[in-house]
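Below you will find the structure I want to go over with you.
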2 protein chains.
Amino acid sequence: MPTIIEVAALAGVSTATVSRVLSRPEQVSEDTRLRVLAVVRESGYVPNVAARSLRTLRAAKILLTVPDISNAFFASVIRGAEEAARDAGYSVVVGDTRHDPDVEDQYADMLSRREVDGLIFLGHRLPASLAPMLSRKGAAAPIVNGCEYSPDLGVPSVHIDNAAASADAIEHLIGLGHRRIGVVTGPEISPISRDRLAGAIDAATRAGLRDSLHIRIGDYSAGSAIDHTRDLIAQDVTALFCFSDEMAMGALSAIGDAGLSCPKDVSVIGFDDLPLARYFQPPLTTIAQPKAMIGRRTVELLVDILHGVDSPSRQVTLDHELIVRGSTAQPASAR
Amino acid sequence: MPTIIEVAALAGVSTATVSRVLSRPEQVSEDTRLRVLAVVRESGYVPNVAARSLRTLRAAKILLTVPDISNAFFASVIRGAEEAARDAGYSVVVGDTRHDPDVEDQYADMLSRREVDGLIFLGHRLPASLAPMLSRKGAAAPIVNGCEYSPDLGVPSVHIDNAAASADAIEHLIGLGHRRIGVVTGPEISPISRDRLAGAIDAATRAGLRDSLHIRIGDYSAGSAIDHTRDLIAQDVTALFCFSDEMAMGALSAIGDAGLSCPKDVSVIGFDDLPLARYFQPPLTTIAQPKAMIGRRTVELLVDILHGVDSPSRQVTLDHELIVRGSTAQPASAR
DNA sequence: GATCCGAATGTAAAGGATTACATCGGATAT
DNA sequence: ATATCCGATGTAATCCTTTACATTCGGATC
């Protein structure tokens, strides 16, 4: 693998010129440019990234951490982020933290060490070791959050209006005639779970049905919804609102195990609109998040920070959509 | 952020000594070592990776490409790989190729450019641009495959015995009494799909039931199984063997849509044992692959190559397991 | 007491690219 | 004809670390 020195020699120019041909071609005369490019092509020269990054103090990489890479929701966000990053000349390093603070810190160190230029974290927990970076005055820290807006973090973020989305779900159920509704939330510590819960309660209250909500705390995983569903069925709810499609899947499973059927006996509504949601049995009514767009916008926000553009919008709210499929229907009582 | 020069000055030693303290501590006297470490700790010194990698020509990174990051199967493999990589002092860069050869090549370039020390690719397609690297004589190319063993590639790989696993599935169905069995495969180009198909045919043939198999070509996605399932139901199959759990999910959905029920009317068996498989309705009988272990072993194989250990086993076959859940039962005719 | 050895440490080159600054030559202005 | 300017290119410093080789020094050997 040739170095820039050899390319320069072959083309009969200095290394500076070769470098310019590659990074600022307009500064070089056409003659020289073509000659150098020809040599580059023939020799298969590729700039050494370590040398470049040593000199420029830039890595052209963005670190994207997710709490759980096996979660299909995050997978779609990652895709959107990768696309946008590629457009901006960055590549994405994906890190799976498994909800483990130690691993989070390890990844965060990559930022401190400047192995990557910026960090996007999905989920609600900002690695502890980055706090100093944020509080530092001056240029904004190259850190952006996706999905889990947490105002006190002081980090730009991209998310939907979770309260409004949740209200839509509840209104849908109330509109169908449901008066006993189970709600399975995310963990209490999750800001978006709180927002969704607040939105749900608001919507019920507005309809004069505050007491129709039966709330259980889950953790977004299918397993966590099982017990709650069993329990809520015993409380005679006619509908279930789960704060993730995975939990909705658990709910459907528990409903079947109880010898009941969805939506005849119990309606179920999820959250996320995973690619598989349409293949649930019955196909799942759910709130769709613009997953790829969330990924894309987080990257754009981060790139703005990296390029010193101080973007006017540090909080980006994207649109959600209620997707009505077969898992919600009128309760038996209304038929 | 201090450099090694400042640390050396503070500790009253040369940069060489600081470097040794960090990488080969046994070469340094205890006194000096402790003094330097103290300074390192206080100053928060972290070696600059770009400079190090420039000097050593190593990046301490492994690139892991997957054809589709939203596939839950790959997610588990990635986890295993990350763990093993961490153990070996490497970090993992995950790349999602979306089955796009251009993107594959882009990632492969990271290897040519030495941005990463090695490449693990899941799936069956080796990026074209890497062919020269493989054919080069001498040290083995730092490339390992996971999941999709393809003998002609000449790349070390880790996988299960797909033919045997598939035979297990067919034998299970035959043992239950099924005599008309639909098989929904992966794409024809996929070597593991071919292996599984061969295994299925073998098993059926051994049982004298070669003609009981009704084969349809899918693409591992839930959507692709829908039409095939409808079609196979029309052919009066009593059981379906899908080469992925996702397709099994599509099959279950199509069975429901047809007004039939699983396993009463049609048994379904999948492949992979995704985390969600147990929450399918009914819980899915499937072939479990040791996903995390596949990830781990690919990394170990790669690290051996990187360290010049020529490992005796260039092909690693791991154990699979048939997990019987609720989606398979005797056919109605046998009851 | 001279010689040798080895452990501990230092010196300085090397790794490859970028870029501020210097230089050169020709075109334009006066 | 001379001064000025500008575009194109070259020179060389710089980014930070690692490591081959050199040096130093105390102790063992003869």
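A, B, ... follow the sequence lines: proteins, then strands. Residue 1 opens every chain.
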Tell me whether B:Glu82 contacts the main-chain N or O of B:Val93 through its side chain, where contact means a donor paired with an acceptor under 3.5 Å. no
Which part of the nucleic acid, if any, lies within reach of A:Thr56 when heavy atoms closer than 4.0 Å are counted: base, sugar-phosphate only, or nothing? sugar-phosphate
From the options A:Leu10, A:Val7, A:Val36, A:Val39, select the one residue that forms a side-chain contact (heavy atoms from CB on, under 4.5 Å) with A:Tyr45. A:Val7
NZ/NE/NH1/NH2 to OD/OE distance under 4.0 Å, B:Arg314 and B:Asp304: no
A:Thr298 and its side-chain contact (heavy atoms from CB on, under 4.5 Å) partner, picked from A:Val144, A:Val77, A:Ile62, A:Leu64: A:Val144
What is the distance, rounded to the nearest whole Å, between atom CD1 of B:Ile4 and atom P of D:dT19? 11 Å
Reading DNA chain C in the 5' to 3' direction, which nucleotide is the first one with an atom under 4.0 Å from a heavy atom of chain B, and which is the last? C:dA8 to C:dG16
Going by side chain to side chain donor-acceptor pair (under 3.5 Å), name the residues that satisfy it together with A:Arg55, two or more places apart in sequence or in a different chain. none
Carboxylate-amine/guanidinium proximity below 4.0 Å for B:Arg297 and B:Glu300: yes
Which residues share a side chain to side chain donor-acceptor pair (under 3.5 Å) with A:Ser29, sequence neighbours left out: A:Thr32
Residues from residues 47-54 of chain B sitting under 4.0 Å of DNA chain C, heavy atoms only? B:Ala51, B:Leu54
Identify each atom pair where a protein N or O and an N or O of nucleotides 6-13 of chain D are less than 3.5 Å apart, giving names and distance.
from: D:dT9; atom 1: OP1; to: A:Ser29; atom 2: OG; distance (Å): 3.1
from: D:dT9; atom 1: OP1; to: A:Thr32; atom 2: OG1; distance (Å): 2.3
from: D:dT9; atom 1: OP2; to: A:Ser29; atom 2: N; distance (Å): 3.0
from: D:dT9; atom 1: OP2; to: A:Ser29; atom 2: OG; distance (Å): 3.3
from: D:dT9; atom 1: OP2; to: A:Thr32; atom 2: OG1; distance (Å): 3.3
from: D:dG10; atom 1: OP2; to: A:Ser14; atom 2: N; distance (Å): 2.8
from: D:dG10; atom 1: OP2; to: A:Ser14; atom 2: OG; distance (Å): 3.1
from: D:dG10; atom 1: OP2; to: A:Thr17; atom 2: OG1; distance (Å): 2.7
from: D:dG10; atom 1: N7; to: A:Arg20; atom 2: NH2; distance (Å): 2.8
from: D:dG10; atom 1: O6; to: A:Arg20; atom 2: NH1; distance (Å): 3.3

Using C1' atoms of five pairs at each end, report the bend of the helix from C:dG1-D:dC30 to C:dT30-D:dA1 rounded to 10 degrees. 50°
Check whether any side-chain N or O of B:Asp219 sits under 3.5 Å from a backbone N or O of B:Pro187 as a donor-acceptor pair, and report yes or no. no
